[in-house]
Each structure stands twice: as C-alpha cells, then as structure tokens.
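Notes follow the structure.
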Amino acid sequence: MASLHLLFCVLFAALSAVHGGLVTLTMDNLDAVLQSGQVVFVAFCAEWCPFSRRLKPIFEEAAQKFDVDHPNKSVVWAVVDSVQHPDVSDKYFVNKYPTMKVFINGELISKEYRSTRSVEALTEFVLQQLDVSITEFPSKVYLEAGIDRNKRNVIAYFADRNGVGYTNLKKVASLLREDCSFWVATDEALKTVTGDVLKFRDPGTDDEQTYSGSFTDYDFLKQWLVDKCIPLVREVTFENVEELTEEGMPFLIFFRDPADTEGDKIFSELVARELYDQKSSVNALLADGHKFAHPLKHLGKTAKDLPVLAIDSFQHMFLFPDMTELDQPGKLRQFILDLHSGKLHKDFHETLDQRIADLQKLALEQAAQDGDAKPPAMLPDGESTPKPSVFKELKPSGKRYSLLQKTEL
C-alpha cells in the first residue's frame, strides 16, 4: 500500500510540473516523466544564457501547438532549468546551453536536435520521431524489389505480432531508424518460415547474419542490432562533424575519392581487423578528400595525393607515414598505439633537429649555386610543432549550443 502511495506521489509530482504545455524536469520526477510518453523531447536551458532565454518561448509554443494539433500522440515536451537542477544536466553530460535531447520509450537516443529553432521545425522533428520506422512486406519478391542494398537492412518474421519479441524489435527500430532499414513480414510472407526469425543484411552484398538470441531479452537484442546497424567506420560530413567531435575520441580519417568504393571496403576491413578493441579510443572515419580539401592542405596534401590517412587528436594532426605500408599487418594498429603512448609527438621532436640540418644544408647548397650569401633557411612557421588540429575548430562552444548553428540563434 505504501509503495502505491509513493508511486501516486511521483506521478502527481510529474503531472503537477506541467506548465503551459511543458513539463519542468527534475531528478524527483525524471524517471516518471521519461516513461510517460513514447517520445519525450527535452530542452536543457540556463537562465544566464541568452540563447536559452530566446529558445524557451519558442519551445513552449511548439509544445502547445503540438498538443492541439496532435492530441492523441504520446509525446511529452520537457524543460530542465540547469541552474536550479544541475544534477539532471550532469546526468546527461550537458555542459552547453541550450541543448535539446530526445528520449524514445524512456531511452536517450544519441543524436541531439541541431536544426532550426522554430515552432514548425521543432514540431516536425517530433513527428518524425513517432514514425513507425518499419516497412511491411507481403512476399519475398516485394522485399527484394523494394530493399535498398546500399543500406543496412534488418529483416524480421514474427508469428505473433502482439508478442514481446515484436514489441522489443519496434523499440529498437525506433532508436536505430537512421542507421538501419527495418522490414517485417506480413501474414502471407510468414508462410515461408517457421517461428520467429531476424536477419541482418550487409550493405552492398546479399550476405545475411541470423540472430540466435532470445527475442524476449531486450538488452541482448538491442546490443546485437546496435553492433550491426552502427558501422565501425563512419562517413564524416560537414553536417555530422560537430556531433562526432562531441564523442571525444581522436579522429582516424581516411581521406579518399568517394568514387573509390573498393578503397572504402579495404579500409573498413583493415579497421575491423587491426582496431577491433580500439572502438572506444578512436573514431575511424571516411572523408571526401575533395570536400575536406582544407584539412588536406593543412597537412601539405592535395586531392592528387589521395588516399591519405591522418589522425586528428584535437590537439595535433599526424600523417600515416607511408600509405604503401597501410595494409601491412600491425602497421595501422601501431599508428594508433603510438598516438595514445605519446610516441607520435615524441618522434616529431626527435626528428626535428635532423630536418632543420637537412634544410640548412639544402639552403647552403642553393646559395652557393646562385652565388648568394643569404643565411640558410629554417623550418617554415609552425613546423617546430606537429600540425595543429583542424577538427578541434569544429567542436561546439563550451558555453552555447553550437558554433555551426550560430545563424540559427
């Protein structure tokens, strides 16, 4: 009886925090609020931040409009006062304001809202989070005709669409909607299989991997699909680079011509083989060497030099020394280990004296040929230290939501 009374008090506290279409989120009502809607859209704000003060009335208007236009949708709009309730912000590692995060079925999705701050854009974004994100197929012919083989695809057959297994799949599909395409068989297609079946199909091939775990074990099912849907090597773009920097890991960047799909495959296989245990210590990325010409120029390279491999540690940039040796066993792994041990930085300075001596010798020889008495050349400006990070400049500000979205503020 006491536990029921406590539950009632928590729910009452969550509901009583609603003001003008918004729920005020605190540690006391956090769990209850996150479980109270299929989608919970949260704005973390700070009163001292002018951009937070500018967002709050827009966010509140969007919440009110959404409630009026879509009264039957299971959506909660919430705001956190990060000055009064810093514990909530700390729990989700929020240190810039305003920040907008999305919870689906009580779980935080990794992608933050980073688009236009208008009523229309905010409500449209929330509607997208409610999409089913699963496509039904009545036959194998229909599936093969509609599937995009360049994407990661999950194909499922469930004898009971009302069971726990299918419910669990829908929850995971809503979290991974941007990483995988999900297909579920209708009754007609079910005639071709026996029992519940879940398969993952690799992009670019017809290779399939079958899930062998329990469909009632949500955590195991989710982890299996996360491992399949989120690739070890991702593409960095100007749209997602800020989000990738926030993961806090150094970038291992393979600059290449995007038309070289075979090169992409070789690099991905190499990362999987050499860096299988380094997923949490480095971000392996593919980059369009034409679009990211500036970082290449910063490294003394151009599109003619592609492919080029480099590390950006958010302090310095280091080139892989010899691309012809990239596929040699252990070379890529040692490159990453040398970064973490500090050897790359140390080696730079140990070879600095020799490079200065070589340049001085070359300058003296040139001066003798030209009959010139000019002093010997030294290293160009900035060569006394490793190349400074370029991608560090694309990190979001520590005091406001985003440098890249500054025009939206």
Side-chain angles (χ1 to χ4, degrees), residues 93 110 179 202 223 226-237 240-258 260-289 291-301 305-352 355 382-395:
F93 306 102
S110 60
D179 305 294
D202 285 315
Q223 190 57 55
V226 166
D227 289 343
K228 299 294 182 289
C229 292
I230 300 179
L232 193 59
V233 179
R234 294 174 286 178
E235 181 87 20
V236 59
T237 67
N240 71 2
V241 64
E242 184 184 20
E243 185 175 348
L244 289 172
T245 63
E246 288 195 297
E247 295 179 7
M249 295 182 289
F251 284 0
L252 175 67
I253 312 171
F254 187 67
F255 297 95
R256 87 299 186 211
D257 184 334
D260 181 17
T261 55
E262 186 61 27
D264 290 0
K265 182 179 178 182
I266 292 172
F267 178 66
S268 297
E269 291 174 349
L270 185 61
V271 169
R273 184 172 68 249
E274 297 271 331
L275 306 179
Y276 57 89
D277 59 345
Q278 297 292 317
K279 192 172 182 179
S280 61
S281 69
V282 68
N283 234 331
L285 303 169
L286 300 168
D288 186 328
K291 291 181 179 179
F292 284 92
H294 172 63
L296 278 179
K297 183 179 179 181
H298 190 67
L299 290 163
K301 301 291 183 179
D305 299 306
L306 297 176
V308 172
L309 183 66
I311 289 173
D312 190 312
S313 70
F314 300 140
Q315 290 183 316
H316 302 294
M317 296 187 77
F318 301 97
L319 273 170
F320 187 80
D322 187 347
M323 292 299 291
T324 63
E325 297 181 352
L326 182 60
D327 61 348
Q328 292 185 16
K331 287 287 185 179
L332 176 60
R333 182 175 181 81
Q334 193 60 55
F335 187 47
I336 298 301
L337 295 178
D338 287 348
L339 168 73
H340 294 310
S341 69
K343 188 174 184 297
L344 289 182
H345 197 281
K346 180 171 175 284
D347 287 351
F348 177 92
H349 290 287
E350 287 181 346
T351 60
L352 185 61
R355 284 184 287 132
E383 282 293 311
S384 59
T385 60
K387 297 290 185 183
S389 168
V390 168
F391 287 89
K392 180 181 180 181
E393 302 304 316
L394 297 177
K395 279 189 170 185

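The residues of the chain are indexed from 1 along the displayed sequence.
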What is the distance from atom [atom1] of [X] to atom [atom2] of [Y], rounded to the nearest 0.5 Å?
X      : Y      : atom1 : atom2 : result
Thr245 : Lys392 : OG1   : NZ    : 12.0 Å
Leu252 : Asp312 : CG    : CG    : 11.0 Å
Ile266 : Arg256 : CD1   : CZ    : 13.0 Å

Sub-4.5 Å side-chain heavy-atom contact between [X] and [Y]:
X      : Y      : answer
Val390 : Leu299 : no
Gln315 : His345 : no
Glu235 : Leu286 : yes
Leu337 : Lys343 : no
Asp260 : Pro307 : no
Phe254 : Leu326 : yes

Angle between ring planes, His294 versus His298, binned at 30° and 60°: parallel, tilted or perpendicular?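 Tilted: the ring planes of His294 and His298 meet at 30° to 60°.
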With under 30° as parallel and over 60° as perpendicular, where do the rings of Phe314 and Phe251 fit, or are they tilted in between? perpendicular
Ion pair present between Asp277 and Arg333, side-chain N to carboxylate O less than 4.0 angstrom? yes
Walk me through it: do Glu274 and Ile336 pass the test side-chain contact (heavy atoms from CB on, under 4.5 Å)? CA-CA 10 Å; Glu274 297 271 331; Ile336 298 301; over 6 Å; no
